[in-house]
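What follows is a short report on a single structure.
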Amino acid sequence: MSKWFILFISVLMVISCSTDSAQQQQVDADLDVAQINANTSEYVDKTVSVTGTVNHVCRHGGKRLFVMSDDANDRFKVEAGQVGSFDVALEGSKVRVVGVVKELKVDKAYLDTWEKEVCAAEAENEAQKFASEHEGQDHAGNEQADNPTLQNINMLRQELVDSEQAHLSFYHLDAISFEEVM
Amino acid sequence: MNFNWRKWNRVLHRDLGYIFFGMTIIYALSGIALNHLRDWNPSYDISRLELQTDVFRSDDSISKEQVINFLEKYGEERNYKSHYMPQPGQLKVFIKNGNAIVDLGTGYGVIEKLQRRPVFYHVNFLHYNPRKAWTWFSDVFCVSLILIAITGLFILRGKNGISRRGAWLTALGIIIPLVFLFMYT
């Protein structure tokens, strides 16, 4: 059994070592943060590289980061994707990330479903809190005022109305590889 | 020829147990870490130093020299990486393994330093890091864990075996999660 296990580990190592670095990846466009922000819809589902300074890395697990332009006026979200996770130590470093641009379309149906899920979770939390505290008061009601997610949903609803479009678009880069650049 | 299934059951249980000892510890530790995600950051120990500074007299444009001068007081001058102004009147400085934010109007600031937690950072990294090869390896581990559990039921015979004491304890181990399931759904 140990022979098979060693063989299995060797195969895994070969697979993991064969991943291309950011330098080797073929890309449709080499962009900086301002350039991708200017024409994001043009690059949806295309493989591009984005170069910028890491502004923030998600503290719990490093699943996403934000890169910003040199003048700090533009930001772009990068999901770890095939990279797995980003180290917080990257904050403040200039990186070149290669990945596929993805679009999240947020329409009325999306917001309705989201709101329903948030309200259901909220109701469940309230019920548990109520049961554990044994209080005789009515806890229903003022969810919207307290819950930041519901406030966010309402904000997006307003943004959707103001845009006069069928949906709002949010973009991110699904990372394939990255490298620190000087 | 008789197939001695109990022998092969023991061999499978023993060898998979040895091979995946390390993985079991990794997933158990990261499981504890993730269970308490609301209470702590399992990957980093984050320290905050509140400060008051008068180094920055104007918020027009802050030079690298000014920032390094500011960092000197806190022994961080060698750790400078870059800086920018996220909004007028606010300075953010990136330093090695941390950052500093200063309100240029009041001079109040905070230096945040992050230090990787030994062991927990690494087990969490593996748990969160689904690269292809690792995903396959951990899938093999998960299947093996099921095999270890099933083969474990049939290791012993007699009064401590699965037909007597083992049956009660196994049932208890299944009932407990079911009770939580009914409670929470």
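Naming convention: chains lettered A, B, ... in sequence-line order (proteins, then strands); numbering from 1 in each chain.
- Proximity to chain B involves both the backbone and the side chain of A/Asn55, based on heavy atoms less than 4.5 angstrom apart.
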**Request:** In sequence, state the C-alpha distance, the side-chain angles, and the governing distance for B/Tyr121 and A/Val88, and then conclude on side-chain contact (heavy atoms from CB on, under 4.5 Å).
**Result:** CA-CA 11 Å; B/Tyr121 171 84; A/Val88 175; over 6 Å; no

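- Heavy atoms of B/Lys96 lying under 4.5 Å from chain A are absent altogether.
- Linking ILVMFWY side-chain heavy atoms closer than 4.5 Å, directly or via other members, places B/Leu126 and B/Leu145 in a single hydrophobic cluster.
- In the hydrophobic clustering of ILVMFWY residues, with side-chain heavy atoms under 4.5 Å counting as a link, B/Tyr18 and B/Phe137 come out apart.
- For B/Tyr108, the side-chain hydrogen bond (donor to acceptor under 3.5 Å, both in side chains) test picks out B/Glu50, with sequence neighbours left out.
- Of the atoms belonging to B/Pro86, not a single heavy atom falls under 4.5 Å from chain A.
- Annotation: residues 161-172 of chain A contacts chain B through no residue [non-hydrogen atoms, separation under 4.5 Å].
- Looking only at distances, no side-chain donor or acceptor of B/Tyr84 sits under 3.5 Å from a matching main-chain atom of A/Met68.
- Heavy-atom distances place both the backbone and the side chain of A/Ser93 under 4.5 Å from chain B.
- Neither the backbone nor the side chain of A/Asp70 comes within less than 4.5 Å of any heavy atom in chain B.
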**Asked** Run the side-chain contact (heavy atoms from CB on, under 4.5 Å) check on A/Thr53 and B/Lys81 step by step: do they pass?
**Response** CA-CA 10 Å; A/Thr53 303; B/Lys81 285 171 89 173; over 6 Å; no

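- Only the side chain of B/Asn99 comes within contact range of chain A, judged by heavy atoms closer than 4.5 Å.
- B/Leu34 does not touch chain A: none of its heavy atoms, backbone or side chain, sits under 4.5 Å away.
- Heavy-atom pairs under 4.5 Å with chain A were tallied for B/Asn124, B/Asn41, B/Asn97, B/Ile95; the largest tally goes to B/Asn41.
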